[in-house]
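Bear in mind the structure is a predicted one, so any value in this text is a computation, not a measurement.
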Amino acid sequence: MSGDKHRPNGTDPAENGIDGSEDIEMKEESQTGKKSSKLKDKDGDDEMTVVVPPSKGSHAPSAPEKSTEADLKNGALNGDAENASEAQVDPQEKVISEIKANLPLLERGVVQFDPRFSLRVLRSIPSTRKQLSGYVLAAVVTDTYPIPTATAISLLTAVKDDPSFPAQKVKEWHGRKDAAQKTSQKEILPEIDVYLSILVQVYLYDKKSVNAGAEFSSALVEHLRTLNRRTLDPLAARVYFYYALFFEELAPLPPSPAAAVISIRKNLLDALRTATLRKDQDIQAAVTTLLLRNYLSTSHITQADLLISRTKFPPAAANNQIARYLYYLGRIRAIQLSYTEAHEHLTGATRKSPSAYKASGFYQASTKLLVVVELLMGDIPDRAIFRQPSLEKSLQPYLQLVQAVSSGDITGFQNLVQRYNSTFRKDDTYTLILRLRQNVIRTGIRMMSLSYARISLRDMCLRLGLDSEESAEYMVAKAIRDGVIEASLDHEHGYMKSKEVGDIYATREPGDVFHERIQACLGLHDESVKAMRFPMNQHRLELKNAQEARERERELAKEIVDGEMDDDDAPGGDFEGL
Amino acid sequence: MATNAPSLESILHTLQQYLSHGDSSQSQPQLQKAKLALLHHNALIPSPQTPVSTLATARSILEAGALLSIRSRDPEAFVRYHSQLQPFYDFPGLQQTPSPTRSKITGLYLLLLLSQGDYAGFHTLLESLVVAEGADGASSIEEDQYIKYPIELERNLMEGSYDQVWRKTNGRDVPGEEFALFSDILINTIRLEIASCATRSYPSLPIASAKNLLFLDSEGAVTNFAREQGWSLEEGRIYFPGLGDAKKAEEGDQKEVVSHVIEYARELEMIV
């Protein structure tokens, strides 16, 4: 379990001027960051070879001149050497041109029916995010739409409260109405509508105008439901993401039974149904995770469990969605006491969680849960987990917890739970941690069984801090029954007698561990085979090649035949010539 | 329709009177009448159209029904009432007037889950309680006597301090007469647990100690119980048959190893 996660940019956080190990809330910021970085992980390499190289603008996305030093460093980390020279360009203009450069990409995606173009556009969102303003959005909208359509107007109304909103320009644009009507331009694709809407959502979210955002998103989702275009799916999935995000922040906040999140469940379920019927995996995956998050936020665990058992999570979903799904699944299973299953899912979630610094909130949250589940299973998590720079600080209470459990120190454990009560509650691990008490006692019993050949129940009772000798007797009996210790009890004399510890290699333990590892390796192999990507219609190309090869062969054969004739003829001819 | 049905409040009033007197023969038909009346008032499921006061009464009627079904030892009916009550507890209009018996119902439900051995359901419910409570800021569930009781019982059961369970189910700690009804089931459960523990941990046990360990009343009861469990009795001691299991486990092991190896071979073949 240890070291399964090496942060490539382990030292970067410090450079960025943020303390890398501080406890990061697993919230939208980290999630969006995660989303984008994830997509990059997945598609990055092979995509570059297939797709036309991006314009310079999108290559150096964050070259803002008033950017902080940290930002520049960030850019430098991305390998953008030309940042410095481009810093003179007005960042706003640059963003505008960048966004505009994305529009043809979307059009190509529609024409070629290739979702990778839209994924690429979505990936550029985090880089443009910092520069989004009313001015930028208005400029893009007025330039994109030749005439004021309903969509364009709704986009503009959403951003018109911004101080930088160019009211003058928009007015002129409204005036164009009649003039442009005659020269009927080509129609604006819904993909572009939705892309610009996402930008508005992001903008509103960063501005913290939650109410406006929720309203805008509701209208947008309503509009999306009327469209049925496969090329729209990746974009629509993102729309749902922000839609749910806005409602999550809307008062009354989640734990209350009247929370605003409950009101969007019906819409999300509708979207899930439609997506499933249309085999639309992007939305299906995104909406499933959103629904799970929604249910868990109000602790409707039974409903979440039912949702999982009734739906099938698309296996081809993006990696980040799978990671989230596994996390929620692990959480639900942990609450239901199926620790083995929970452990499996959470390990998957932590391994799949993105390595980018921005998403460390997710990584922290899933690791915390994983640590607790491991403890509940009776395992002691590896010390190395706690040394990772992105986890060190936030997992501090959990490290102490592990130490208390592993030493069987019941009073220390009790104190810890008291001291970090609020932390554990915030992490939603409190109830799980309360269940750990029995594990602590068991470890204590085990330690004593290992160190004493024979110990009186009275002594055990004192050392474990238990109420009565009888309790101690029952507990030890239970521990023996569950196979925690090898010992026997003598009731008349009131002591526990440990059996001699046998050779561990004579037990099935090594075999089990071996099996576990082989299982993991086989799983990895299967997953890598599944993850291989084959270009579409490749087999046809091969067929064609084979056809060509056959033709060449035939020609060659023909040539040889001809050549033979030539060979026969030529000398003869020459001779004749002579 | 609503005119010939007596008003909900009066029905509730008589129902509560029967309930406090413990008169179950009369309260049962009264409950039937109450449910019919609820249907007339369209208050069986909370909806924004129904006035809040009617809903509050409906909630009290259902709660009375839940308590009644526990008293008549009908767990299925109780579960039904409990799930019927959930929308009432979550209904936004009723948040201002929280029900005083809610924690009692929840505690009973927790205890029911516990006595059925449904630990997953128990913890699922508990988790939602803790989250809901976290919103209020006060740590109410650990102080609420009705909810505290099942939680502590569960903790003791899990730890294995069965004597505590025994003491709690017998003593004055039981928070209400409805809760006491579960005591028998729970004691039966722990007795079986202890028996299975004892089989593995003691080579032999005098009957007198076994009587104490198993919370049985007489040595005769111990003999009967031992016979049920298939233990052998000799010279006033109980001897536990223990070795048979280990052998069986070993055989199982071998089979498992073989099946694992075959699986590896198949996987290897697939890869190569």
Undergrad: At a heavy-atom separation under 4.5 Å, does L489(A) approach chain B through its side chain, its backbone, both, or neither?
TA: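 Both backbone and side chain.
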
Undergrad: Does a donor on one side chain sit under 3.5 Å from an acceptor on the other, for T411(A) and D409(A)?
TA: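 Yes - a donor-acceptor pair under 3.5 Å links their side chains.
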
Undergrad: Sort out for me which of I301(A), I480(A), I335(A), N439(A) touches chain B most, counting heavy-atom pairs under 4.5 Å.
TA: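 Top option by heavy-atom pairs under 4.5 Å: I335(A).
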
Undergrad: Would you mind checking which part of L268(B) comes under 4.5 Å of any heavy atom in chain A, side chain (CB onward), backbone (N, CA, C, O), both or neither?
TA: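 Neither part, no heavy atoms under 4.5 Å.
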
Undergrad: Aromatic rings Y474(A) and F215(B): how do their planes relate, parallel, tilted or perpendicular, breaks at 30° and 60°?
TA: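 Because their plane-to-plane angle lies in the 30° to 60° range, the rings of Y474(A) and F215(B) count as tilted.
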
Undergrad: Compute whether any side-chain donor of one residue and acceptor of the other, for Y264(B) and H515(A), lie under 3.5 angstrom apart.
TA: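 Per modelled atom types, Y264(B) and H515(A) side chains form a pair under 3.5 Å.
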
Undergrad: For L337(A), is it the side chain, the backbone, both, or neither that has a heavy atom closer than 4.5 Å to a heavy atom of chain B?
TA: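 It is the side chain, since no backbone atom gets that close.
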
Undergrad: Under 4.5 Å from any heavy atom of chain A, what part of E263(B) do you find: side chain, backbone, both or neither?
TA: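 Answer is side chain: those atoms of E263(B) sit under 4.5 Å from chain A.
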
Undergrad: When you look at CD of Q418(A), are more than 12 heavy atoms from neighbouring residues, nucleotides or ligands closer to it than 6.0 Å?
TA: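 Counting other residues, nucleotides and ligands, CD of Q418(A) stays at 12 neighbours or fewer.
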
Undergrad: Taking D526(A), I518(A), D482(A) one by one, which has the highest count of heavy-atom pairs under 4.5 Å against chain B?
TA: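 Maximum pair count with chain B is reached by I518(A).
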
Undergrad: Check the side chains of Y339(A) and R435(A) for a donor-acceptor pair under 3.5 angstrom, ignoring hydrogens and angles.
TA: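 On atom types as modelled, these side chains qualify, holding a pair under 3.5 Å.
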
Undergrad: Looking only at heavy atoms and a cut-off of under 4.5 Å, which of E470(A), H491(A), Q336(A), M496(A) has the most pairs with chain B?
TA: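 Looking at each of E470(A), H491(A), Q336(A), M496(A) in turn, H491(A) comes out on top.
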
Undergrad: Quick one: what part of N212(B) sits under 4.5 Å from any heavy atom of chain A, side chain, backbone, both or neither?
TA: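 Backbone only.
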
Undergrad: H525(A) versus chain B, heavy atoms under 4.5 Å apart: side chain, backbone, both or neither?
TA: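 Side chain only.
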
Undergrad: Roughly how far, to the nearest 0.5 Å, is the OG1 atom of T189(B) from the CG atom of L157(B)?
TA: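 Answer rounded to 0.5 Å: 7.5 Å.
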
Undergrad: Heavy atoms only, distances under 4.5 angstrom: which of L522(A), T302(A), I441(A), I332(A) has the most pairs with chain B? Name it, please.
TA: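 Going by pairs under 4.5 Å, I would pick L522(A).
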
Undergrad: May I ask you to decide if S449(A)'s main-chain N or O and S498(A)'s side chain share a donor-acceptor pair within less than 3.5 Å?
TA: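 Judged by distance alone, yes, a pair lies under 3.5 Å.
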
